[in-house]
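Would you mind keeping the following structure in view while I ask a few things?
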Amino acid sequence: MYTNSATGPLNTATNSTTSTGNTAAVGNSSNDQNQDDNTAATTRFSSRAEKFAALNKEFSISNNPSFKVTPNFINRLQEYGLISAQDAQTLGFSDSDDSAGGTLGELSDFIDRFSDKLKQTHGNDGILTTLSNARGIINNFDGSLSKSFPADINTTAAEIHQYLNSNGDNLSDSEHSSLSQLEKALTIADKLNPTSRTSDNINRYMAIAGGF
């Protein structure tokens with residue numbers, strides 16, 4: 001969710017306030033209220049666990065294959081301070097498209113179908129391991145089933161991104177769309193499940209990211 005702060009102080013030095021000045025004052029008051037609302041959203045809950053509980057109550061994330069990432073969900077992550085404004089802009093959909101993206105269950109089903117297709121043409125390609133890891137992460141999206149994952153989440157998202165860059169021309173529109181949605185879902189899963197990075201994980205991610 002994005003808010004604009006006031007661009008300058010009000011001029012209150014004279015008693016001859018014009019109607020334009022009064023309008024500006026009202027506008028700034030509205031902006032101040034929006035800022036206060038956002039500040040309240042980030043401080044309403046004192047712990048990360050409370051923020052997750054509020055998210056789950058509103059969006060039913062835990063162990064729910066019908067959960068779908070929407071602009072409203074992205075906005076709420078930002079309001080709770082779980083992602084930055086830049087993250088929200090990168091991860092977000094069009095404000096008018098609240099149904100964009102597939103459900104977690106649909107993404108999981110896509111992984112199975114796409115993996116079966118690749119097995120017939122690529123054998124035991126490295127992307128199959130990545131897809132298997134992605135499926136395990138998606139099925140434990142918020143970490144409610146287990147605090148351990150089959151692979152580093154951020155690295156898995158980077159591998160999907162790399163595959164899209166290298167093989168985009170060979171993918172159908174629906175495959176490209178589903179893989180893009182999968183990458184986005186993995187990126188959000190990483191935000192929901194921050195883990196301490198080992199040097200191996202960091203080196204692996206940097207090696208992949210360097211090829212973008």
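Computed from a prediction, not measured in an experiment: that's the story for all the values here.
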Any side-chain heavy atom of N139 sitting closer than 4.5 Å to one from L145?
no
Side chain to side chain donor-acceptor pair (under 3.5 Å) filter on S174, not counting sequence neighbours, yields S172
Under the salt bridge (charged side-chain N to carboxylate O under 4.0 Å, His left out) rule, collect the residues that match up with D109, sequence neighbours excluded.
none
I160 side chain near L131 side chain, heavy-atom distance below 4.5 Å
yes
Okay, side chain of D190, backbone of I153: is any donor-acceptor separation there less than 3.5 Å?
no
Quick one: do T130 and Y163 satisfy side-chain contact (heavy atoms from CB on, under 4.5 Å)? Show the steps, please.
CA-CA 10 Å; T130 297; Y163 182 82; over 6 Å; no
So do L91 and L77 actually touch side chain to side chain, heavy atoms under 4.5 Å?
no
In this structure, CG of L186 is separated from NE2 of H161 (nearest 0.5 Å) by 13.0 Å
List the residues meeting salt bridge (charged side-chain N to carboxylate O under 4.0 Å, His left out) with E175, not counting sequence neighbours, and say none if there are none.
K117
Mind checking what makes side-chain contact (heavy atoms from CB on, under 4.5 Å) contact with S62, not counting sequence neighbours?
N56, D142, S144
Determine whether more than 12 heavy atoms belonging to other residues, nucleotides or ligands lie under 6.0 Å from atom CG of D116.
yes
Determine whether a donor-acceptor pair (N or O, by modelled atom type, separation under 3.5 Å) exists between the side chain of K191 and the backbone of I83.
no
So NZ of K51 and CD of E79: to nearest 0.5 Å the spacing works out to 11.5 Å
Atom pair OG/CD of S115 and Q120 - distance to nearest 0.5 Å:
11.5 Å
Taking atom OG1 of T187 and atom CG of L192, what is their separation to the nearest 0.5 Å?
11.0 Å
Under a 4.5 Å cut-off applied to non-hydrogen side-chain atoms, are L82 and F52 in contact?
yes
Spatial distance of atom CD (E183) from atom CD (Q162) [nearest 0.5 Å]
11.0 Å
Not counting sequence neighbours, which residues clear side-chain contact (heavy atoms from CB on, under 4.5 Å) with L104? List them please.
F67, I138, F141
Residues at least two apart in sequence or cross-chain that pass ring-ring contact (aromatic ring centres under 6.0 Å, His included) with F59, listed by chain then number, are F73
Test of understanding: with side chain to side chain donor-acceptor pair (under 3.5 Å), list the residues that count as partners of S84, not counting sequence neighbours.
D87
Set of side-chain contact (heavy atoms from CB on, under 4.5 Å) partners for S180, sequence neighbours left out:
L164, H176
Do N193 and F149 touch side chain to side chain, with heavy atoms closer than 4.5 Å?
yes
Shortest non-hydrogen contact between G102 and K68, atoms and distance
O-CG, 3.9 Å
Assess, by modelled atom type and distance only, whether the side chains of Q181 and S177 contain a donor and an acceptor separated by less than 3.5 Å.
yes
First locate atom OG of S132, then atom CG of D112, and finally report the distance between them rounded to the nearest 0.5 Å.
9.0 Å
How close do A189 and I137 get, counting heavy atoms only, and between which atoms?
CB-CG2, 4.0 Å
According to side-chain contact (heavy atoms from CB on, under 4.5 Å), who are the partners of S178, at least two apart in sequence or on a separate chain?
F110
